[in-house]
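Lettering of chains follows the sequences in order, A, B, ..., and the numbering in each one begins at 1.
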Number of protein chains: 2
Amino acid sequence: MNKNIFSQIYTDYTQRIETGLLKTGIKLPSENEIAEEYATSRETVRKALHLLSQNGYIHKIRGKGSYVLDINRMEFPISGLVSFKELSERLGRPARTLVHETIRIPCPQNVARQLQITEQEEVWKVVRAREIEEEKVILDKDYFLASVIPALTAEIAADSIYAYLEGDCSLKIAYAKKEISVEKVSAEDKRLLDLGRDTHIVVVRNYVHLEDTTLFQYTESRHRLDKFQFVDFARRAVAEE
Amino acid sequence: MNKNIFSQIYTDYTQRIETGLLKTGIKLPSENEIAEEYATSRETVRKALHLLSQNGYIHKIRGKGSYVLDINRMEFPISGLVSFKELSERLGRPARTLVHETIRIPCPQNVARQLQITEQEEVWKVVRAREIEEEKVILDKDYFLASVIPALTAEIAADSIYAYLEGDCSLKIAYAKKEISVEKVSAEDKRLLDLGRDTHIVVVRNYVHLEDTTLFQYTESRHRLDKFQFVDFARRAVAEE
DNA sequence: AAGTGGTCTAGACCACCCT
DNA sequence: GGGTGGTCTAGACCACTTC
């Protein structure tokens, strides 16, 4: 599956750590030992261990070794590009998606600013409410550049747009910027979500870029206050001071 | 200042990008050219460019080159371990810190759970309100393991605890986990902050670890809804599938 | 075919930790 | 002093883009 040696080492260890085979605090074999085990060079092992370290699986200590961390990998939305479908599967809770809109339109003015395009260009607009445990708690408003997406249907929107884009369209997503803030609820929020007496809502603005750096998607993910959680793992900056 | 070649290359390019000398979309010299320029090997250059790529400065495209991204580096709280002082300086706005408590106490029960210690161990408790533009909008409640911190004063708390810890105490901070959620306001929030009619508040729980992996600090940073913003840059996961 | 970034090698020296 | 991770080298081959 993984043709690269370093990613094979990486997935081997993430699996062992996630399944509990390697428990918190356990010391990994030394880089030289792992290199021998995989019949590869030490630099290749270091590449894999660096990735594990960046993603919060292990911590490396000079002169001592690499140790498994206890960061809980099962948290709600792990930092990064994770779709709603992956999330609900991870949670194992009854979850549903209600597709309200799947239309191709000239880009609305406010969205054109976000996507840095003109109002003449066309976009796909998808509006979906996410229901968890019988309550509609998340409203996703997606806008995709129509020029890079041939077709889009309510069926695809109900399933996973990302699987469709990366699979059938073979688009390659490269990076994204998220902005999280809290704003006043809109009339649309009230209409499409179960908000009760809430006056505010968490808004996650997501700007998604392709491999060639084009900004092709802008998403507003609007979460009911009590159902929002975000987890972030960060290392002290390298190469500073 | 930077003795490592790769971090020298890294800071050279972050500065050129941040000052606008290298503008969005500009193509960097090839890895071979940069290696020649710095009289070093290509792998060392690649290490620096990888860091730039991870931190959202550039994007690398196989067969083409590396390009400067337009991710706005001046956003409010950039993902990572950034102190309030760094933030307010970056914003350039009038900011003040009001120190309410700086005491050494046996660890309260609820905090002992967060810090994974017993209630017999002692902790430093620091409570500070952050004022921006004449309004108290952030409440920071910090708890530090007393065993690793000799002394703490209101003066240090008013200045920068991190500068004190990393400078005078030469503690080395390694990594941290953040959890962001929205909760009901507490009586303490109402007393120490200017909340108006707000019923909710953004809570950022921060678990900070040292180089030897000990969890030595737990912080609850409580932000007024309208003053909270979080930005996150993420690349599509490597080494998956 | 030439140039680019992605992966990998087989060494080297260093800084740090432990005994 | 022996083991560990951190940095660096001078090559190599590959996949991809551009001409």
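When the P atom of dT4(D) is taken as reference, atom CG of N32(A) falls 7 Å away, rounded to whole Å. In this structure, R46(B) atom CZ and dC13(D) atom C1' are separated by 13 Å, rounded to whole Å. As a whole-Å value, the separation of H50(A) NE2 from dT7(D) C1' is 13 Å. Regarding E211(A), its CD atom lies at a distance of 9 Å from the P atom of dG6(C), rounded to whole Å. Distance, Y38(B) OH to dT7(D) P: 17 Å, rounded to whole Å. Atom-to-atom, CD1 of I34(A) to P of dT9(C) comes out at 14 Å; the value is rounded to the nearest Å. Atom-to-atom, CZ of R42(A) to P of dC14(C) comes out at 14 Å; the value is rounded to the nearest Å. The distance from atom CD of E43(A) to atom P of dA10(D) is 14 Å, rounded to the nearest whole Å.
Residue pairs that meet the side chain to side chain donor-acceptor pair (under 3.5 Å) test with at least one member in residues 25-40 of chain B, sequence neighbours left out, are D12(B)-Y38(B), E31(B)-R42(B), E31(B)-R46(B), E31(B)-K60(B).
Within the 6.0 Å centre-distance limit, the rings of F230(B) and F230(A) are counted as a close aromatic pair. For H209(A) and Y175(A), the ring centers sit closer than 6.0 Å to each other.
When the nucleotides dG5(C), dC8(C), dT9(D) are ranked by their closest atom to the side chain of K60(B), dG5(C) comes out on top. Distances from the side chain of E33(B) to the nucleotides dT4(C), dT9(D), dG6(C) place dT4(C) closest. With dA12(C), dT7(C), dT9(D) as the choices, the nucleotide that has an atom nearest any side-chain atom of I5(B) turns out to be dT9(D). Nearest nucleotide to the side chain of T40(A), out of dT7(D), dC8(C), dG6(C): dC8(C).
Helix-axis bend for the helix from dA1(C)-dT18(D) to dC18(C)-dG1(D): the local axis fitted to the five terminal pairs at one end deviates from that at the other end by 0°, rounded to 10°.
For Y207(B), the ring-ring contact (aromatic ring centres under 6.0 Å, His included) partners two or more places apart in sequence, or in a different chain, are Y218(B). For R104(A), the salt bridge (charged side-chain N to carboxylate O under 4.0 Å, His left out) partners are E122(A), not counting sequence neighbours. Contacts of S41(B) classified as side-chain hydrogen bond (donor to acceptor under 3.5 Å, both in side chains), with partners at least two apart in sequence or in another chain: T44(B). Under the salt bridge (charged side-chain N to carboxylate O under 4.0 Å, His left out) criterion, K47(A) pairs with no residue, sequence neighbours left out. For T14(A), there are no side-chain hydrogen bond (donor to acceptor under 3.5 Å, both in side chains) partners at least two apart in sequence or on another chain. With sequence neighbours excluded, the residues satisfying side-chain hydrogen bond (donor to acceptor under 3.5 Å, both in side chains) with T214(A) are D212(A).
In terms of phosphate contacts, K47(A) brings a side-chain nitrogen or oxygen within less than 4.0 Å of OP1 or OP2 of dT7(C). Using a 4.0 Å cut-off, no side-chain N or O of S41(B) falls inside it from OP1 or OP2 of dA10(D). Of the side-chain N and O atoms in S66(B), none sit less than 4.0 angstrom from OP1 or OP2 of dT4(C). In this structure, T44(A) reaches the dT9(C) phosphate: one of its side-chain N or O atoms is under 4.0 Å from OP1 or OP2.
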Every protein N/O lying under 3.5 Å from an N/O of nucleotides 16-19 of chain D:
unit_1: dT18(D); atom_1: OP1; unit_2: K64(B); atom_2: NZ; d: 3.4

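With values rounded to the nearest 0.5 angstrom, Y162(A) atom OH is found 8.0 Å from D142(A) atom CG.
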